[in-house]
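Report on the structure given below.
For the numbers below, each heavy atom of this structure counts, side chains included, while hydrogens, waters and symmetry mates do not. Small disclaimer: the values here were computed from a predicted structure and weren't measured. Proteins come first, then strands; the chains are lettered A, B, ... in the order of their sequence lines, and each starts at number 1.
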Amino acid sequence: MNPPIAPNVDDSQLIFATGECSLGQVLIAGTSDGNSKTRVSYLALGDDRESLLIDLATAHSNRKRVETKSVFQAELAAAIEFIEQPAEPLRLPVNLFGTDFQKQVWTELAQTEPGETVTYRELADRIGSPGSSRAVGAACGQNQIALAIPCHRAVRSDGKDSGFRWGLDRKRELLRREKKVSGGSVEPANNQLHLAGFETTPAESLSVARTTRTQP
DNA sequence: TCTGCCCCCGGTT
DNA sequence: AACCGGGGGCAGA
């Protein structure tokens, strides 16, 4: 149960970039060692750029934050591409900051494929900690990297709505798109749930996903 | 069946 | 000690 390595106490500078997609604004942040080696440690979705910047500043208040378009260009494009057309998992070079338990949950989530869902209970079982479904839910909520760690695929076992850090509407919409793209049937009965404004738009091009695995 | 409680769960702050 | 993106049981609709 080692202590989490809080990004907050790391004084290396945080590089970030923002972009736009059909689900709103996207913000991606991480580090670069200067040798074009980058790692994503933060990926968020939101309604507007300003609130995303505020969230980032709150989460990393002790770090220098530098906006650059070039560094995470490919990763940002890949994230947007995933949002528009989630055919395959979004794989990014990531940095996970969290407890062992949290990393286990996140790593297990990363094993899921687009279009499938897992219950918190099932996740708890898979990481060898049956009965800790509530803790699993809490761990999902602590996830800092949207999409790449697909916590939107974690659902309640009783079918009720659970939460999503970046908006429950987005969670539903992401799942709907994944099911659609992965060839599964799109439940027609539930289709009226989509919010207006979350219309599917043509994808952007570029499919730069890197195949790096998680875990520093 | 389908709600809404109530009480318990395990990990984290 | 309190907080949770949970779960199961059980009463009343």
Side-chain angles (χ1 to χ4, degrees), chain A residues 1-10 23-29 40-47 51-52 54-63 79 82-83 86 89-90 94-179 187 189-190 192-195 198 214-216:
Chain A
M1 201 194 287
N2 57 18
I5 308 166
N8 255 352
V9 302
D10 184 341
L23 297 189
Q25 293 287 314
V26 188
L27 185 150
I28 190 168
V40 175
S41 54
Y42 191 95
L43 178 48
L45 307 175
D47 293 334
S51 59
L52 283 177
I54 291 172
D55 290 345
L56 180 68
T58 303
H60 297 272
S61 53
N62 297 342
R63 301 181 68 175
F82 175 84
I83 291 167
L90 176 65
V94 300
N95 260 338
L96 296 182
F97 295 101
T99 65
D100 287 347
F101 180 86
Q102 289 168 337
K103 288 183 192 172
Q104 284 185 71
V105 172
W106 299 336
T107 305
E108 194 58 46
L109 268 171
Q111 311 294 326
T112 62
E113 292 290 313
E116 76 177 278
T117 57
V118 204
T119 65
Y120 299 102
R121 185 181 196 276
E122 174 68 16
L123 279 172
D125 288 343
R126 289 189 194 173
I127 65 172
S129 183
S132 62
S133 53
R134 187 157 195 172
V136 167
C140 290
Q142 296 295 325
N143 168 35
Q144 299 257 295
I145 311 176
L147 311 174
I149 295 167
C151 57
H152 57 281
R153 298 189 193 125
V155 299
R156 286 183 63 119
S157 57
D158 61 8
K160 291 178 188 164
D161 280 330
S162 50
F164 190 54
R165 182 171 177 174
W166 301 283
L168 191 49
D169 315 330
R170 291 193 179 87
K171 178 175 183 174
R172 295 198 199 99
E173 180 61 16
L174 284 169
L175 287 176
R176 191 191 131 262
R177 292 185 185 185
E178 287 192 355
K179 283 175 189 158
E187 295 82 55
N190 293 340
Q192 72 267 27
L193 290 180
H194 326 156
L195 302 205
F198 279 15
T214 62
Q215 182 71 12

Side chain to side chain contact (heavy atoms under 4.5 Å, CB included) assessment of A:Tyr42 paired with A:His60: CA-CA 10 Å; A:Tyr42 191 95; A:His60 297 272; 3.7 Å; yes
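Rounded to whole Å, the distance from CD on A:Gln142 to P on B:dG10 is 19 Å. Between A:His152 atom NE2 and C:dG5 atom C1' the separation is 14 Å, expressed in whole Å. We find that CZ of A:Phe97 is positioned 17 Å from P of B:dT12, with the value rounded to whole Å. Look at CZ on A:Arg121: it is 8 Å from P on C:dG7, rounded to the nearest Å. For the pair A:Asn143 CG and B:dT12 C1', the interatomic distance rounds to 16 Å; values are reported in whole Å. Rounded to whole Å, the distance from CG on A:Asp161 to P on C:dG6 is 11 Å. As rounded to whole Å, 5 Å separates atom P of C:dG6 from atom CZ of A:Arg156. Whole-Å rounding puts the A:Asp158 CG to B:dT1 P distance at 17 Å.
As the counterpart of C:dG5, no nucleotide is assigned, since no Watson-Crick or G-U wobble pattern has both distances under 3.5 Å. Partner assigned to B:dC9 is none, using Watson-Crick or G-U wobble distances below 3.5 angstrom.
In terms of heavy-atom proximity, A:Ala154 sits nearest to A:Lys171 at O-NZ, 2.7 Å.
Within 4.0 Å (heavy atoms only), A:Tyr120 reaches at least one base atom of the nucleic acid. Looking at heavy-atom distances under 4.0 Å, A:Ala124 makes no contact with the nucleic acid at all.
No donor-acceptor pair closer than 3.5 Å links the side chain of A:Asn143 to the backbone N or O of A:Cys151. A donor-acceptor pair is defined here as one N or O able to donate and one able to accept, closer than 3.5 Å; no such pair exists between the side chain of A:Arg177 and the backbone of A:Phe82.
Judged by distance alone, the side chains of A:Ser157 and A:Arg121 never bring a donor and an acceptor atom under 3.5 Å apart.
In the set C:dG5, C:dG7, B:dT12, the nucleotide with an atom closest to the side chain of A:Phe101 is B:dT12. The nucleotide whose nearest atom lies closest to any side-chain atom of A:Thr99 is, among B:dT13, C:dG6, C:dG8, B:dT13.
Proximity of residues 125-139 of chain A to DNA chain B (heavy atom under 4.0 angstrom from any strand atom) is restricted to A:Ser129, A:Gly131, A:Ser132, A:Arg134, A:Ala135.
Using a 4.5 Å heavy-atom cutoff, the side chains of A:Ile145 and A:Trp106 are not in contact.
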Enumerate donor-acceptor pairs with a distance under 3.5 Å from any side-chain N or O in residues 129-140 of chain A to protein atoms, sequence neighbours excluded.
from: A:Ser129; atom 1: OG; to: A:Ser132; atom 2: OG; distance (Å): 2.9
from: A:Ser132; atom 1: OG; to: A:Ser129; atom 2: O; distance (Å): 2.5

